**Student:** 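So that we are looking at the same thing, I have put the structure below in structure tokens.
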Amino acid sequence: MAISQQRSRITFLAGVTAALWGALSGCNRAPLGEKAERARLRQVLRERAYDRAVPLAERIVQRHPAENGAWDRLVQAQFGKRDFAGATTTLEQWRRSVGNPSVKLDEYAGDLAVAGHKPTDAVQRWHAALHANEKNVRVLEKIARLEHSQQHWLEENDGWTALLSAQESAEARVQRALCRRRLDRWDEAWEDLHKAQEAAPDDPEVLRATKLFDQLSKQLAKIRDLDARLAAAPNDAATITDRSLLFLRAGDAELALADGEAAAKLATWAVRPRLFCGIALAALGRPAECEKLGVRRLWSVDALTAEFLETISRLDAEISVERANAELYAQRAWQLNDIGQPRLALDDAEYAQRLNPKSAAACAESSYASMKLGHAPEAYEQIKRATELDANLAIAWQYRGEIEMERSDFAQAIDSLSRGLRINQSAVALLKREQCYRRLGLVAKADEDHRLRELLTAKALQ
């Protein structure tokens with residue numbers, strides 16, 4: 001009997017133990033599955049597999065709607081998919097569902113505002129996030145960079161200053177130095193650069209900034225002089241353009257472009273600012289924008305001679321006073337054609353023609369520019385009109401002869417070139433006529449032009 005009772009007790013205890021194990025296993029099964037799911041979510045977020053991350057994050061949010069971290073990861077996944085509408089809805093639900101929402105909610109709201117092209121709203125949201133932690137370096141950097149993108153230089157400077165008060169950083173020092181150069185705060189900019197160099201001398205950003213500032217230092221005395229003049233007369237377009245040229249020579253295409261654009265708005269009649277903007281845009285790798293300005297790609301300011309720069313500056317200044325002087329525009333068109341800027345030249349030549357329909361020089365420059373732009377029929381009509389308006393304009397007869405050569409009308413080209421040569425002998429016109437004679441088999445006449453051209457060239461070299 002005792003043995004039977006003992007066996008029954010053992011059987012009972014074994015059953016209880018099995019039941020307890022089953023209960024414990026059942027309790028642990030769900031958490032272990034969710035733990036694996038959370039790990040999987042973290043992994044797909046690291047892999048940027050956002051399509052897979054979103055449904056995982058949504059399931060976790062459904063089970064834990066009061067958990068900030070669950071909402072955070074769902075928003076991360078939606079941002080990764082660029083599902084900004086979904087992220088907007090998620091932020092609203094997050095705010096309603098969590099009694100004490102994370103400060104990251106405001107940070108994400110700022111990120112969404114940036115995606116929606118609402119920079120002012122973004123800055124407001126990020127400042128709200130800073131109320132909880134004014135030394136949040138991530139948010140401070142976002143504010144500084146957004147102000148930079150908006151060209152709010154004072155606000156950008158304040159942003160980097162706030163970041164540096166929270167955490168010293170060579171990168172922030174470099175960015176504030178670059179910002180302060182835009183504010184003409186040169187001494188402070190150099191001070192920031194020197195501190196960045198001390199902290200991270202081999203950092204690529206520090207090295208790039210060092211190279212830029214080294215180039216600027218060669219022009220800095222002249223730049224400071226122009227800064228002082230602009231402090232007294234901030235809307236002096238000519239001085240702003242002069243400073244744009246100095247920045248180009250210093251290799252600072254960003255500041256050159258900023259000054260060029262400012263001068264172009266103030267002096268819509270001037271051509272120097274547009275040329276300098278074109279050079280700056282080419283240096284910045286934005287050639288398509290050069291075309292919008294009518295500027296053919298200029299690789300460097302060194303492509304413009306000192307004589308050209310002096311002449312174009314004088315013509316801009318004279319046109320600023322005499323806006324209705326057709327000959328000034330025609331002269332400037334000649335200069336622009338001479339440096340290979342036919343679009344700008346054509347603009348000036350056509351405006352000169354509107355001011356004075358009988359300007360032979362304007363017609364000639366319009367013809368030359370049109371030919372360079374591939375508008376041969378218009379070019380020929382314009383050059384014919386130029387020779388009709390002024391039969392003594394030698395360059396017009398030469399242009400006409402060259403166009404007639406292009407049309408394979410060699411006999412007519414010889415006549416036009418000869419009329420030009422009777423007015424003014426030039427080596428180019430002699431060469432063109434020699435070529436025409438040879439095409440027609442008139443070898444003796446061609447040889448004579450060749451001999452005359454050699455004499456003329458030798459005389460010019462004496």
Side-chain angles (χ1 to χ4, degrees), residues 41-42 44-51 53-58 60-61 64-180 182-183 192 205 254:
L41 174 57
R42 289 192 294 272
V44 294
L45 283 173
R46 282 195 295 270
E47 294 171 356
R48 300 184 181 181
Y50 301 116
D51 286 335
V54 168
L56 281 170
E58 286 175 338
I60 294 172
V61 163
H64 303 280
E67 182 185 304
N68 277 308
W71 291 103
D72 188 335
R73 284 183 285 277
L74 176 55
V75 175
Q76 286 182 47
Q78 289 170 325
F79 265 100
K81 281 185 67 177
R82 302 189 66 79
D83 178 11
F84 300 128
T88 301
T89 301
T90 297
L91 291 183
E92 292 170 356
Q93 293 173 340
W94 183 356
R95 199 177 294 277
R96 289 197 303 266
S97 302
V98 180
N100 184 25
S102 165
V103 294
K104 289 189 75 174
L105 198 152
D106 282 320
E107 182 181 347
Y108 284 133
D111 297 344
L112 269 179
V114 171
H117 307 289
K118 297 176 182 177
T120 302
D121 290 351
V123 172
Q124 289 175 348
R125 291 289 192 174
W126 287 334
H127 277 294
L130 288 174
H131 288 160
N133 177 12
E134 63 182 14
K135 295 186 180 296
N136 187 325
V137 173
R138 184 180 61 253
V139 174
L140 289 168
E141 183 174 349
K142 287 181 180 182
I143 292 172
R145 291 193 183 281
L146 181 60
E147 298 292 11
H148 173 85
S149 71
Q150 298 298 302
Q151 300 186 4
H152 297 161
W153 311 124
L154 287 169
E155 291 80 1
E156 183 195 355
N157 176 72
D158 292 343
W160 293 119
T161 300
L163 192 154
L164 284 163
S165 70
Q167 177 181 294
E168 182 62 37
S169 160
E171 181 183 4
R173 285 284 178 188
V174 166
Q175 294 303 322
R176 193 170 69 170
L178 293 171
C179 176
R180 285 177 166 177
R182 289 184 176 274
L183 295 168
D192 271 340
E205 291 298 320
E254 288 183 341

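Computed from a predicted model, the values in this text were never measured in an experiment.
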**Student:** Under 4.5 Å between any side-chain heavy atoms of Trp71 and Ser102, yes or no?
**Tutor:**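 Counting from C-beta outward, Trp71 and Ser102 never come under 4.5 Å.
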**Student:** Looking only at heavy atoms, which two atoms of Val137 and Ala166 are closest? And how far apart?
**Tutor:** CG2-CB, 4.3 Å
**Student:** Check side chain to side chain contact (heavy atoms under 4.5 Å, CB included) between Glu58 and all other residues, then give those that pass, not counting sequence neighbours.
**Tutor:**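 If we apply the side chain to side chain contact (heavy atoms under 4.5 Å, CB included) test to Glu58, skipping adjacent residues, the hits are Val54, Leu74.
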**Student:** Sequence neighbours left out, what pairs pass ring-ring contact (aromatic ring centres under 6.0 Å, His included) with at least one residue falling in residues 146-180?
**Tutor:**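 Found His148-Trp153.
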**Student:** Do the rings of Phe84 and Phe79 sit parallel, tilted or perpendicular, given the 30° and 60° boundaries?
**Tutor:**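 Plane angle over 60°, so perpendicular.
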**Student:** Quick one: side-chain hydrogen bond (donor to acceptor under 3.5 Å, both in side chains) partners of Arg46, sequence neighbours excluded?
**Tutor:**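 Here the qualifying residues are Gln43.
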**Student:** Check side chain to side chain contact (heavy atoms under 4.5 Å, CB included) between Thr89 and all other residues, then give those that pass, not counting sequence neighbours.
**Tutor:**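 Residues passing side chain to side chain contact (heavy atoms under 4.5 Å, CB included) with Thr89: Gln93.
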**Student:** For the atom pair CZ (Arg73) and CD1 (Ile60), what is the distance rounded to the nearest 0.5 Å?
**Tutor:** 6.5 Å
**Student:** Please name all residues satisfying side chain to side chain contact (heavy atoms under 4.5 Å, CB included) with Val44, sequence neighbours left out, ordered by chain then number.
**Tutor:**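 Applying side chain to side chain contact (heavy atoms under 4.5 Å, CB included) to Val44 gives Leu41, Glu47, Ala49, Arg52, Ala53, Leu56.
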**Student:** Which atom pair, heavy atoms only, marks the closest approach of Pro65 to Val98?
**Tutor:**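 Nearest heavy atoms, Pro65 then Val98: O-CG2, 3.7 Å.
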**Student:** I'd like a table of donor-acceptor pairs (distance under 3.5 Å, sequence neighbours excluded) in which one partner is a side-chain atom from residues 111-133, with atom names and distances.
**Tutor:**
unit_1	atom_1	unit_2	atom_2	d
Asp111	OD1	Trp126	NE1	3.3
Asp111	OD1	Lys142	NZ	3.0
Asp111	OD2	Lys142	NZ	3.0
Trp126	NE1	Glu107	O	3.1
Asn133	OD1	Lys135	N	3.1

**Student:** Suppose we screen for ring-ring contact (aromatic ring centres under 6.0 Å, His included). Which residues come up paired with Tyr50, at least two apart in sequence or across chains?
**Tutor:** none
**Student:** Do any pairs count as a salt bridge (charged side-chain N to carboxylate O under 4.0 Å, His left out) and have a residue in residues 146-157, sequence neighbours left out, and if so which ones?
**Tutor:**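 Every candidate salt bridge (charged side-chain N to carboxylate O under 4.0 Å, His left out) pair involving residues 146-157 fails, so no pair, neighbours aside, qualifies.
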**Student:** First locate atom CG of Leu163, then atom CG of Asp158, and finally report the distance between them rounded to the nearest 0.5 Å.
**Tutor:** 12.5 Å
**Student:** Any chance you could measure Arg182, atom CZ, to Leu154, atom CG, to the nearest 0.5 Å?
**Tutor:**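 One gets 12.5 Å once the value is rounded to the nearest 0.5 Å.
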**Student:** Test of understanding: with salt bridge (Lys or Arg N to Asp or Glu O under 4.0 Å), list the residues that count as partners of Asp51, not counting sequence neighbours.
**Tutor:**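 Once residues adjacent in sequence are excluded, the partners of Asp51 under the salt bridge (Lys or Arg N to Asp or Glu O under 4.0 Å) criterion are Lys81.
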**Student:** Does any pair with a residue in residues 165-178 pass salt bridge (charged side-chain N to carboxylate O under 4.0 Å, His left out), and if so which ones, sequence neighbours excluded?
**Tutor:**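 Found Arg145-Glu171, Glu168-Arg173, Arg173-Asp192, Arg176-Asp192.
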**Student:** Filter on salt bridge (charged side-chain N to carboxylate O under 4.0 Å, His left out), then keep only pairs touching residues 85-104, sequence neighbours left out; what's left?
**Tutor:** Asp72-Lys104, Arg95-Asp106
**Student:** Report the residues that fulfil side-chain hydrogen bond (donor to acceptor under 3.5 Å, both in side chains) with Gln151, sequence neighbours left out, ordered by chain and then residue number.
**Tutor:**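 With sequence neighbours excluded, Gln151 shows a side-chain hydrogen bond (donor to acceptor under 3.5 Å, both in side chains) to no residue whatsoever.
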